[in-house]
Protein chains: 2
Amino acid sequence: MVDQDDRLTRVFGALADPTRRDMVARLAAGDATVSELAAPYDVSLQAVSKHLKVLEEAGLVRRSRDAQRRPVHLDAEVFDLMTKWIERYRQQAEERYRRLDQVLARMQGKDSPTDEQRHEGAAG
Amino acid sequence: MVDQDDRLTRVFGALADPTRRDMVARLAAGDATVSELAAPYDVSLQAVSKHLKVLEEAGLVRRSRDAQRRPVHLDAEVFDLMTKWIERYRQQAEERYRRLDQVLARMQGKDSPTDEQRHEGAAG
DNA sequence: GTCTTGATCAACCATGTGGTTGAGTAGACA
DNA sequence: TGTCTACTCAACCACATGGTTGATCAAGAC
């Protein structure tokens with residue numbers, strides 16, 4: 001579990017950079033070499049290589065060999081880890097919100113909240 | 001669009017920290033004050049306040065007032081932005097993968113790839 | 001062998017980040 | 001009025017990050 005937490009830190013951290021997000025977007029359309037990936041950006045090849053290392057350590061990308069080229073491949077599986085984390089808390093928050101709405105609706109029907117109604121928010 | 005890119009950078013960046021992810025997880029269960037949020041961690045209140053500022057600027061959290069308390073509320077809407085971004089490229093990558101599988105399956109059936117088969121990977 | 005290409009490693013630099021402590025602010029309360 | 005509580009702001013520090021340049025490596029091309 002701690003291991004997964006570290007993984008989440010790396011993945012979110014990797015995608016916190018717009019250049020790296022852009023690279024992921026391009027790799028979703030197909031594999032590419034480092035030079036190909038570097039072409040659109042106004043930074044050195046070394047900088048791009050560093051970005052790829054971050055993506056690789058986050059498990060978002062794999063690098064193989066083809067002569068002196070190193071084709072980069074998007075490994076979309078890690079996305080699952082993120083969406084699961086996000087969905088979990090979103091659903092939790094939304095359900096809580098829904099329950100609050102119900103309580104508020106009842107409060108409008110009557111006049112002031114009773115003890116019974118206030119307890120509903122803490123149930124479940 | 002650039003605005004949204006900046007927003008994504010903030011959200012991913014905010015969630016790249018395990019303490020902040022933990023705070024989000026706890027806020028999903030219900031609103032809390034700064035002191036309440038700080039309690040489980042072995043850091044100063046000021047550090048927690050800084051974390052909350054990051055979460056707020058990412059749009060993940062809203063802070064209101066209740067006397068000298070500042071209740072923190074999770075704003076789960078921003079999660080949508082992330083999941084949309086993630087899903088878009090995951091689906092793209094998975095579809096590409098599926099198509100590649102089809103090509104490989106046919107290659108196993110025959111002997112070597114024909115020009116027709118190689119073009120299938122670029123279609124769509 | 002030597003050159004060229006594609007990419008990485010290493011050292012360095014400026015800036016950002018997460019933490020600290022100390023001072024200051026806003027509101028409840030005696 | 002002064003004091004306590006809850007919190008923020010400001011200054012500082014150590015370390016991480018994104019960028020640079022120069023050297024190096026690995027594998028074709030000549």
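The chains referred to below are lettered A, B, ... by the order of the sequence lines, with proteins before strands, and numbering in each begins at 1.
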Measure from NZ on Lys50(A) to P on dC13(C) and round the result to the nearest Å.
13 Å
Rounded to whole Å, please give me the gap between CZ in Arg10(A) and P in dT17(D).
10 Å
Quiz item: Glu36(A) side-chain donor-acceptor pair to dG6(C) base, under 3.5 Å:
no
Return the 5'-most residue of the pair Lys53(B), Asp42(A) with respect to DNA chain D, ranking by each residue's nearest nucleotide.
Lys53(B)
Glu56(A) with Arg63(A): basic N within carboxylate O range, under 4.0 Å
yes
Check the distance between dC9(C)'s P and Arg70(A)'s CZ and give it to me in whole angstrom.
9 Å
Counting only heavy atoms not in Glu77(A) (residues, nucleotides, ligands), do more than 12 fall under 6.0 Å from its CD?
no
Between dG6(C) atom P and Arg63(A) atom CZ, what is the distance in whole Å?
17 Å
Pair of N/O donor and acceptor under 3.5 Å linking dG18(C) base with Gln46(B) side chain
no
Any donor-acceptor pair under 3.5 Å linking the side-chain atoms of Thr9(B) with those of Arg21(A)?
yes
Count I, L, V, M, F, W, Y as connected when their side-chain heavy atoms are under 4.5 Å apart, and connections chain through other members. Are Val11(A) and Val54(B) then in the same cluster?
no
May I have the distance from Glu56(B) (atom CD) to dC9(D) (atom P), rounded to whole angstrom?
10 Å
Specify the residue among His51(A) and Gln68(B) whose closest nucleotide of DNA chain D lies further upstream toward the 5′ end.
Gln68(B)
Ignoring backbone atoms, test whether Ser44(A) places a side-chain nitrogen or oxygen under 4.0 Å from the OP1 or OP2 oxygen of dT20(D).
yes
Measure CG/Leu55(B) against P/dG18(C) and give the value in whole Å, please.
10 Å
Salt bridge or not for Asp3(A) and Arg7(A), using N-O below 4.0 Å?
no
side-chain N/O Arg69(A) vs dA26(D) OP1/OP2, d < 4.0 Å:
no
Protein-nucleotide distance (Arg65(B), atom CZ; dA28(C), atom P), rounded to Å:
10 Å
Take the protein atom CD of Glu57(B) and the nucleotide atom C1' of dT17(C), then report the distance between them rounded to whole Å.
13 Å
